[in-house]
Every structure is written in structure tokens, then in C-alpha cells.
Engineer: 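Can you read through this structure? Questions will come right after.
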Amino acid sequence: MKLFHTADWHLGKLVQGVYMTDDQRYVLEQFLQAIDEEQPDAVIIAGDLYDRALPPIEAVDLLDEILAEIVLKRKVPVLSIAGNHDSPTRLQFGSKLMKETGLHIAGDITDLQPIILNDEFGEVHFHLVPFTEPSTVKSVYEDGSISTHDDAMKKIVEKIEEKMDKSKRHVFIGHAFVTPYGEKLDNTSDSERPLAIGGSECVSAEYFEPFHYTALGHLHKAHYVLNETIRYSGSPLKYSSSEANHEKGYLIVELDEFGQVSIEKRRLIPRRDLRIVEGSIQEILRTSISEDYVFVRLTDLTPVVGAMEQIRTVYPNAMHVERKALPREIVEGEEPCVRREQMDDFSLFKAFHKEISGQEPSEMATQLFEEILQEMISEEREISKEVVVK
């Protein structure tokens, strides 16, 4: 069985005030062309179809158009789940009706029955597990021991395994921050919001051992975790300067009759590249005119008046300009300087506390901040759900 694995479309995305809808349409049209050429048996979209719970109408129209092209016109089944940016209610609406056309979308975990597709070798069972807060999993399965995303995923996989037919081939589709053993690692992009505070968002890849292939979404860089059958496809476009060196695309996955997997990465060529340009203002003004989206780091020792206006004479789609930090001697034992836009919320809190009080926050203050910030993240998602329902 041949599968296309993609994720993190983030339709409706704003990057530095620029809507990426036209750029998203450009690469998704390439995706449709690839479907025509490769004739996959199914397409997997592993979450974050939209960039926010209430996407702009242009994003809704684009998703509707692309899904109709795949499912209705090309008759290729789509297996999709809600990510942490999506509204589960919005994506789940009409899912029972859409199943008849081959569009399978899971917004919540109330039904973990697999979607079964067939090829010449028999059945392949697809387990669609959307992004879900640990508190929801705790409530659904009445398990008071669940407090982290790792706990929640372990429970979900245990429930799937209880009814799993081991004689069949199995594909897991999920949206989570998966690391080899559940340890905390850095995100692959500044454009992805955290799922939780600290290391509590990370999930162990060991739980996916029962599946022949695990198709993941959330992290924007294509890579595998622990072994080559547990994969992130990455996003189809670059959405921040931290992704400038990523190679964007999708994965072609083939399962043989025994569940052995072969994987090939295919590139998607953007309408405009997103890259970092570094140099003095005079060096930059001597370059050829380019339509690319650029983040400029000026190396001038003195401030440049009207820097963005000058830069846009050669880079009309320049998104951001800053002065490159001057090198300085690092005192032994001193932490290297990190720009504020690169800090997460917790790091910003610690830096602010130290700047104001002159000392690191106490353990009690740190714990209190973590609890409040986690509550705010959870409340934001719940409010998004309520707005959609109303």
C-alpha cells in the first residue's frame, strides 16, 4: 500500500503580518500533481490543517478545495486528525457523512475504532489519534494517574492494543511532541506553540513499537524518532526564520504484505523561498533583486536609518530586519546571550524576574508560574472549542 504522509499545513498562517494562503495554494497544487503521478492508495494529514481554531474564510475555502480534489475528483481516501492548532469540533463536524466519500477526520478520541483500507495483500488498519489534552484522556478513561502527555499517549496506545488484530498491518496517525524516550528536546521551529510547559509535553517513541508505521505531526522539520518507521513529515512550507534551513516536502510510504516499510522524501518547491540574509547594508543593497521572503541581519556597527525601506528596494518581500549581536567575550560559567524572540514563555519569565529583582525566581515562584501558564494554555484551547460550538 502506497501512502502520502503530510502534516502541519497551518492554513491561514500569518508570518510577520503576511498571509501565506497563496504560497500554501502553490505547494498544495504540486501535492495534487504528485497524487496524479504517484497514485497513492491514501493520503495522511497528521494534524494542524489550520493555523488557529477560527481560521479565515480563505483558509477554509482552500482546505475544502484541496480535500475535494483529492477525495471527490481523484477518489483517494484522506485520513486526517486535529492538531493542537485546530478546533476539534470544527474538523469533526459532518465526519460521519464524509466517511462515505473517503474523507476520514478525527477531532476527538471518543472513538478509537480503526479505519480499515484494503490492498492486494489484505487489510491495513489506520488508528487516528488527534491531539488531546491529558485532562481529557484522564476523564474519558477514568484514570486519575494521567497527568502528562506521555501518560495520556501510553493509555491511548494500551486501549488500541486491547483490540488490535496482530495479524493485520497497522498505521498510527498522531499529533504530539515525540522524543526517543520521552526526554525533553528543543522544538524544531519557533513557529510552533508548546503543547505544555517544561518537559511534560514530550512523549516516548517506545509506545509506537506495535505499529508498522507511525505518521506524526507537530514538529515542522522532517525527521524520524528512535527508528525510521516513526516519522514526522514536517510542514510543507517554511513558517519562521528558524526553519530557513529546512527542506520542506512530504513522505511517500510503502507497506509491503508483511508490513515492512520503505520511505522516500519528496520536495515541494515554494513560490518564494524564506531565508536569512546577513551582511552590511551596503553589501545587501549590491545584491540582485529577489522576491524571496527574507529575514535580514545587519552587521553594521552603527544603526542604519530607514533600514527596512532600503532593504525593500532589493528584497520587496523582506519580513524582518535586525542588527546582528556583536561578539563579546564570554566569561567562564556565564550563559551565552539569547535573543528574547528565541526564548519560550518560561525563559522570558526567568529573565524578567532576574532583571527586575536581581535574582533567580524561587522554586515556589517557578512552580506557580508553570501552573498558571499551563492553565492559560488549556483555557485558550477550551475557549476556542466553545466559540466554535456557539
Side-chain angles (χ1 to χ4, degrees), residues 1-12 21 24-51 55-83 85-108 110-120 122-131 169-175 213 215-217 233 235-237 249-255 266 268 388:
M1 180 171 285
K2 182 186 287 187
L3 309 171
F4 275 19
H5 171 196
T6 181
D8 297 285
W9 289 6
H10 288 277
L11 300 182
T21 306
Q24 291 165 332
R25 180 185 299 277
Y26 187 85
V27 293
L28 290 176
E29 286 174 352
Q30 292 176 50
F31 190 69
L32 292 177
Q33 184 178 349
I35 291 174
D36 291 335
E37 294 171 356
E38 295 284 346
Q39 298 292 305
D41 296 294
V43 171
I44 294 170
I45 312 174
D48 281 355
L49 285 80
Y50 293 123
D51 189 57
I57 187 64
E58 295 82 3
V60 177
D61 288 343
L62 179 56
L63 181 62
D64 181 61
E65 177 186 330
I66 297 299
L67 292 180
E69 285 284 337
I70 298 173
V71 176
L72 300 181
K73 185 175 179 179
R74 291 162 175 79
K75 308 297 182 184
V76 176
V78 169
L79 305 143
S80 184
I81 59 173
H85 283 249
D86 296 312
S87 160
T89 307
R90 181 179 294 275
L91 289 186
Q92 188 89 5
F93 179 78
S95 59
K96 292 181 181 179
L97 292 173
M98 292 185 290
K99 280 185 179 180
E100 300 302 318
T101 67
L103 178 57
H104 306 276
I105 298 182
D108 57 50
T110 54
D111 183 9
L112 287 178
Q113 293 298 315
I115 304 300
I116 300 174
L117 301 180
N118 290 272
D119 63 7
E120 64 268 32
E123 296 179 355
V124 178
H125 292 216
F126 293 86
H127 304 274
L128 279 60
V129 179
F131 170 78
R169 292 165 291 168
H170 295 270
V171 175
F172 184 98
I173 303 172
H175 193 92
Y213 183 72
L216 296 171
S233 66
S235 58
L237 275 177
Y250 59 96
L251 302 177
I252 298 179
V253 181
E254 295 204 45
L255 273 71
R266 294 289 180 84
L268 290 170
V388 172

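Here the structure is a predicted model, which means the values were calculated and not measured.
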Engineer: Taking only residues two or more places apart in sequence, or in another chain, which ones meet Gln33 in a side-chain hydrogen bond (donor to acceptor under 3.5 Å, both in side chains)?
Structural biologist: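 If we apply the side-chain hydrogen bond (donor to acceptor under 3.5 Å, both in side chains) test to Gln33, skipping adjacent residues, the hits are Glu37.
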Engineer: Tell me, please, which residues at least two apart from His85 pass ring pair (Phe, Tyr, Trp, His ring centres under 6.0 Å).
Structural biologist: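 Expected list: His10.
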Engineer: Applying side-chain hydrogen bond (donor to acceptor under 3.5 Å, both in side chains), can you list everything that pairs with Glu65, at least two apart in sequence or on another chain?
Structural biologist: Arg25
Engineer: Using every non-hydrogen atom in the two residues, find where Gly83 and Phe131 come nearest and quote the distance to one decimal.
Structural biologist: C-CB, 3.7 Å
Engineer: Could you list the residues that satisfy ring pair (Phe, Tyr, Trp, His ring centres under 6.0 Å) with Tyr50, not counting sequence neighbours?
Structural biologist: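 Partners of Tyr50 by the ring pair (Phe, Tyr, Trp, His ring centres under 6.0 Å) criterion come out as none, since no residue qualifies.
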Engineer: Which heavy-atom pair separates Val129 from Ile81 by the least distance, and what is that distance?
Structural biologist: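 Shortest heavy-atom separation between Val129 and Ile81 comes out as O-CD1, 3.4 Å.
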Engineer: Who pairs with Lys73 by salt bridge (Lys or Arg N to Asp or Glu O under 4.0 Å), at least two apart in sequence or on another chain?
Structural biologist: Glu69
Engineer: Kindly give the heavy-atom pair with the smallest separation between Gly47 and Asp86, and that separation in Å.
Structural biologist: C-OD2, 3.8 Å
Engineer: List the residues meeting side-chain contact (heavy atoms from CB on, under 4.5 Å) with Gln39, not counting sequence neighbours, and say none if there are none.
Structural biologist: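 side-chain contact (heavy atoms from CB on, under 4.5 Å) list for Gln39, sorted by chain: empty.
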Engineer: Who passes ring pair (Phe, Tyr, Trp, His ring centres under 6.0 Å) against Tyr26, sequence neighbours left out?
Structural biologist: none
Engineer: For Ala7 versus Ser233, what's the shortest heavy-atom pair and its separation?
Structural biologist: N-OG, 3.2 Å
Engineer: Could I get the full list of salt bridge (Lys or Arg N to Asp or Glu O under 4.0 Å) partners for Asp36, not counting sequence neighbours?
Structural biologist: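 If we apply the salt bridge (Lys or Arg N to Asp or Glu O under 4.0 Å) test to Asp36, skipping adjacent residues, the hits are Arg74.
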Engineer: Flag the pair Phe4 / Phe31 as yes when their ring centroid distance falls below 6.0 Å, and as no otherwise.
Structural biologist: yes
Engineer: Would you say that Val124 contacts Asn118 through its side chain, given a criterion of any heavy-atom pair below 4.5 Å between the two side chains?
Structural biologist: no
Engineer: Please examine the side chains of Ile45 and Leu79, heavy atoms only from C-beta on, and report whether any two atoms are closer than 4.5 Å.
Structural biologist: no
Engineer: Within the side chain of Thr6, is there an N or O that forms a donor-acceptor pair under 3.5 Å with the backbone of Tyr250?
Structural biologist: no
Engineer: Within the side chain of Asp41, is there an N or O that forms a donor-acceptor pair under 3.5 Å with the backbone of Lys2?
Structural biologist: yes
Engineer: Who pairs with Asp51 by salt bridge (Lys or Arg N to Asp or Glu O under 4.0 Å), at least two apart in sequence or on another chain?
Structural biologist: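 So Asp51 forms a salt bridge (Lys or Arg N to Asp or Glu O under 4.0 Å) with Lys13.
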Engineer: Only counting residues at least two apart or in another chain, list the ones meeting side-chain hydrogen bond (donor to acceptor under 3.5 Å, both in side chains) with His125.
Structural biologist: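 Only Glu123 meet the side-chain hydrogen bond (donor to acceptor under 3.5 Å, both in side chains) criterion with His125.
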Engineer: Determine, step by step, whether Val171 and Leu255 satisfy the side-chain contact (heavy atoms from CB on, under 4.5 Å) criterion, reporting the C-alpha distance in whole Å, the side-chain angles of both residues, the deciding distance to 0.1 Å, and the verdict.
Structural biologist: CA-CA 10 Å; Val171 175; Leu255 273 71; 4.0 Å; yes
Engineer: Does Leu3 offer a backbone N or O that forms a donor-acceptor pair with the side chain of Glu254 under 3.5 Å?
Structural biologist: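 No: the side chain of Glu254 does not pair with the backbone of Leu3.
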Engineer: Looking only at heavy atoms, which two atoms of Gly174 and Ala46 are closest? And how far apart?
Structural biologist: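 Distance-wise, the nearest heavy atoms are O-CB, 3.8 Å.
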Engineer: Please give me the minimum heavy-atom distance between Ile35 and Pro40, naming the atom from each residue.
Structural biologist: O-CD, 3.5 Å
Engineer: The criterion is ring pair (Phe, Tyr, Trp, His ring centres under 6.0 Å); which residues satisfy it with Tyr213, sequence neighbours excluded?
Structural biologist: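 Tyr213: ring pair (Phe, Tyr, Trp, His ring centres under 6.0 Å) contacts with His5.
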Engineer: Applying side-chain hydrogen bond (donor to acceptor under 3.5 Å, both in side chains), name anything that partners Asp119, two or more places apart in sequence or on another chain.
Structural biologist: Arg169
